[in-house]
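A quick note: this is a predicted structure, and the numbers were derived from the prediction, not measured. Just so it is clear, the values below take in all heavy atoms, side chains as well, and ignore hydrogens, waters and symmetry mates. Atoms within a ligand are numbered from 1 in the order they appear, just like the ligands themselves.
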Amino acid sequence: MQLPETILVSGGAGFIGSNWLNLMVPRFPSCRFVNIDQLTYAGNLASVDAIGSESNYRFEHGDIRDRDAIRRIWEQHKPDTVVHFAAESHVDRSISGPTDFIETNVVGTLNLLEAFRGGFGGAQSRRFHHISTDEVYGSLGDTGLFTEETRYDPSSPYSASKAASDHLVRAYFRTYGLPVTITNYSNNYGPRQFPEKLIPLMILNAMEGKPLPVYGNGANVRDWLYVDDHCDAIWTVLTEGTPGETYNVGGNAEKTNLDVVHSICRIVAEELGKDSQELLELISYVKDRPGHDFRYAIDASKIRSELGWEPKETFESGLRKTVRWYLENTKWIDQVRSGEYRRWIDQNYSQR
Ligand code: NAD
Ligand code: TYD
């Protein structure tokens, strides 16, 4: 595919979106990147500081639930391509309050699809790339892998909302012929992830000698993918994937949660010159998550054989990079902890 001219990136101040922008904005100076983000608790402009003044990057504060906001941004920038990261993304939050998940993940996706379909005019629509999760497939037992043909069977309000959004995106391909692609991928980890998710939470707690809360018996399995590998996969599918197709993306790194926590304790101890046994003693088994899927594991052979993508990091190398990032970026962490990063909204928008 011809390179996109203007890419509307939704949710680019979140974990994966910010890592993607930090990689792609300098790498593709001829593309313009417009980041639309509502800056919920999970959005942090400090995560895109490094590219904030690049001439091919713009930030637009906006809510994808709000069609007028999308219209304004769409008419101003006339994107030909959409890369849709924005979502409510945390399973535990979806259990305590599902409504935002339906509104952002389903209605927000619909609004972006409608804009792309031509509702708001603009440039020729080249590609709508939707970022999704392997959680739409439900839970695996001890064996087997998720393929692109696995039946949808979501367990949590989060995964149900992502399943609904995937179906909408596919429906826009079948009904209106829009050039869409979808990636469903496994758990990501790496820099700039909000410390409510397993890996950053455990790293920060281990660094500070706080309890390490493992749900249930810690035997649940996730297939871990380093975020930069995922970002490359998204660019590959965006520019070389076939419209209407779905690609599963995984890191070939199945681990039990307990294995993950053990590795974190070992690496944090090595990096800080501490005794890893002391950190392991911080593990505390807590009440299990309701509807907790037992195992996720991805068969990534389609993207590998058709598009030549493969992950570069091993779990060990990616986890060490991640631990080092959290050790070195104390300002980012302090701002997240104190809520300081949220002041940006008050400072910039309280007068409007
Ligand atoms: P995140 O929670 O870190 O970031 C989400 C971003 O979306 C934030 O910047 C937030 O401010 C923004 N946002 C939320 N609601 C919005 C709205 N209504 N309008 C505009 N912006 C809004 O999420 P993430 O981990 O970066 O995930 C990105 C995408 O990848 C999501 O679609 C998620 O479902 C999917 N995903 C994530 C993982 C993972 O391991 N993190 C795994 C599989 C799929
Ligand atoms: P999480 O990072 O929330 O991702 P997801 O639920 O989308 O897979 O959780 C990853 C795994 O870690 C999951 O099996 C739940 C478990 N977990 C804990 O054991 N303790 C925790 O404090 C958290 C946040 C998660």
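- Residue V214 approaches ligand 2 through these ligand atoms, each under 4.0 Å from one of its heavy atoms: 19 (O).
- Contact annotation: S10 has no heavy atom less than 4.0 Å from any atom of ligand 1.
- Using a 4.0 Å cut-off to heavy atoms of R65, the atoms of ligand 1 that qualify are 18 (N).
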Criterion side-chain hydrogen bond (donor to acceptor under 3.5 Å, both in side chains) on Y285 and N217, from CA distance to verdict: CA-CA 7 Å; Y285 293 93; N217 60 5; over 6 Å; no
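- Below 3.5 Å of separation, one finds an N or O of R289 facing an N or O of ligand 2.
- The protein atom (non-hydrogen) at minimum distance from atom 3 (O) of ligand 1 is F15 N, 3.0 Å.
- From the protein, the heavy atom lying nearest to atom 17 (C) of ligand 1 is Q38 OE1, 3.3 Å.
- Using a 4.0 Å cut-off to heavy atoms of F85, the atoms of ligand 1 that qualify are 28 (C), 29 (C), 31 (C), 32 (O).
- Proximity of L201 to ligand 2, defined as any heavy-atom pair under 4.0 Å, is confined to the side chain (atoms from C-beta onward).
- The closest protein non-hydrogen atom to atom 35 (C) of ligand 1 is Y185 OH, 2.9 Å.
- Here's the thing with A86: none of its N/O atoms is less than 3.5 angstrom from an N/O atom of ligand 1.
- If you number the atoms of ligand 1 from 1 as listed, the ones under 4.0 Å from a heavy atom of L39 come out as 11 (O).
- Atoms of ligand 1 found under 4.0 Å from any heavy atom of N187 (numbered from 1 in listed order, with element): 40 (O).
- Scanning all protein heavy atoms for the shortest distance to atom 32 (O) of ligand 1 gives K162 NZ, 2.6 Å.
- Aromatic ring pairs are classed by plane angle as parallel below 30°, tilted from 30° to 60° and perpendicular above 60°; the pair Y296 and F146 is tilted.
- The proximity of N105 to ligand 1, defined as any non-hydrogen pair under 4.0 Å, does not occur for either the backbone or the side chain.
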Stepwise salt bridge (charged side-chain N to carboxylate O under 4.0 Å, His left out) check, E313 with K321: CA-CA 10 Å; E313 298 291 342; K321 281 188 180 176; 2.5 Å; yes
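- Nearest non-hydrogen protein atom to atom 7 (O) of ligand 2 is E135 OE2, 2.5 Å.
- Using bins of under 30°, 30° to 60° and over 60° for the plane-to-plane angle, the ring pair F116/W74 lands in the perpendicular bin.
- Contact annotation: for V91 versus ligand 2, heavy atoms closer than 4.0 Å belong to the side chain alone.
- Of the protein's non-hydrogen atoms, H292 NE2, 2.7 Å is the one closest to atom 14 (O) of ligand 2.
- At a heavy-atom distance under 4.0 Å, no atom of H84 approaches ligand 1.
- Under the 4.5 Å side-chain heavy-atom criterion for grouping Ile, Leu, Val, Met, Phe, Trp and Tyr, I234 is not connected to I298 through any hydrophobic cluster.
- In summary, the atoms of ligand 2 found under 4.0 Å from a heavy atom of H90, numbered by their order in the structure, are 3 (O).
- Remark: R222 is not positioned above the aromatic ring of Y189, lacking an NZ or CZ atom under 6.0 angstrom from the ring centre and at most 45 degrees off the axis.
- Across L23, L21, N22, a single residue satisfies side chain to side chain contact (heavy atoms under 4.5 Å, CB included) together with C231, and that is L23.
- Residue contacts with ligand 1 include G62, since one or more of its heavy atoms lies under 4.0 Å from the ligand.
- Looking at N187 against ligand 2, only its side chain comes within 4.0 Å, counting heavy atoms.
- Put simply, the residue from E149, E245, E148 that forms a side-chain hydrogen bond (donor to acceptor under 3.5 Å, both in side chains) with K302 is E245.
- Every atom of ligand 2 is numbered from 1 in the order shown, and the set under 4.0 Å from a heavy atom of K197 is 2 (O).
- Nearest protein heavy-atom contact of atom 1 (P) of ligand 1 is S89 OG, 3.6 Å.
- Contact annotation for Y158 and ligand 1: only side-chain heavy atoms (C-beta onward) come within less than 4.0 Å of the ligand.
- Below 30°, between 30° and 60°, or above 60°: for F28 and W235 the angle between ring planes is below 30°, a parallel geometry.
- With E5 as reference, R126 is the one residue of R32, K78, R126 to meet the salt bridge (charged side-chain N to carboxylate O under 4.0 Å, His left out) rule.
- The residue from W224, Y158, Y215, Y189 that puts a heavy atom closest to atom 18 (C) of ligand 2 is Y215.
- Contacts between S132 and ligand 1, counted as non-hydrogen atom pairs separated by less than 4.0 Å, involve the backbone only.
- Annotation: atom 39 (C) of ligand 1 to nearest protein heavy atom, N188 N, 3.9 Å.
- Those atoms of ligand 1 with a heavy atom of T133 less than 4.0 angstrom away are 43 (C), 44 (C).
- What sits closest to atom 18 (N) of ligand 1 on the protein, heavy atoms only, is D63 OD1, 2.9 Å.
- Contact of the I64 side chain with the I70 side chain is registered, since non-hydrogen atoms from C-beta on lie closer than 4.5 Å.
- If you run side chain to side chain contact (heavy atoms under 4.5 Å, CB included) between N184 and each of N248, I131, T150, T133, only N248 comes through.
- Polar contact check, E196 against ligand 2: no nitrogen or oxygen pair lies under 3.5 Å apart.
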Residue pair H129, T81: steps toward the side-chain hydrogen bond (donor to acceptor under 3.5 Å, both in side chains) verdict: CA-CA 8 Å; H129 183 69; T81 300; over 6 Å; no
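- Atom 2 (O) of ligand 2 has its closest protein heavy atom at L198 N, 2.9 Å.
- At least one side-chain heavy atom of Y41 sits less than 4.5 Å from a side-chain heavy atom of H90.
- At a cut-off of 3.5 Å, with distance as the only test, no side-chain donor of S317 or K312 sits close to an acceptor on the other residue.
- The option from I70, D134, T109, T104 that lies nearest to atom 15 (N) of ligand 1, judged by heavy atoms, is T104.
- Summarising the local packing, CZ of R27 is surrounded by more than 12 heavy atoms from other residues, nucleotides or ligands at distances under 6.0 Å.
- Geometrically, ligand 2 and P213 share a nitrogen or oxygen pair separated by less than 3.5 Å.
- Considering both main-chain and side-chain atoms, N257 comes within under 3.5 Å of ligand 2 through a nitrogen or oxygen pair.
- Among V48, T40, D37, the residue whose heavy atom lies closest to atom 14 (C) of ligand 1 is T40.
- Considering only heavy atoms from C-beta on, N220 stays 4.5 Å or farther from D293 through its side chain.
- Partner S161 forms a side-chain hydrogen bond (donor to acceptor under 3.5 Å, both in side chains) with one of N105, T109, D100 and no other, that one being N105.
- Within the model, atoms OH of Y215 and CG of D92 stand 3.5 Å from one another, a figure rounded to the nearest 0.5 Å.
- Scanning all protein heavy atoms for the shortest distance to atom 4 (O) of ligand 1 gives G14 CA, 3.4 Å.
- Between N220 and ligand 2, no pair of N/O atoms sits closer than 3.5 Å.
- One finds the OG atom of S276 at 13.0 Å from the CD1 atom of I264 (value rounded to the nearest 0.5 Å).
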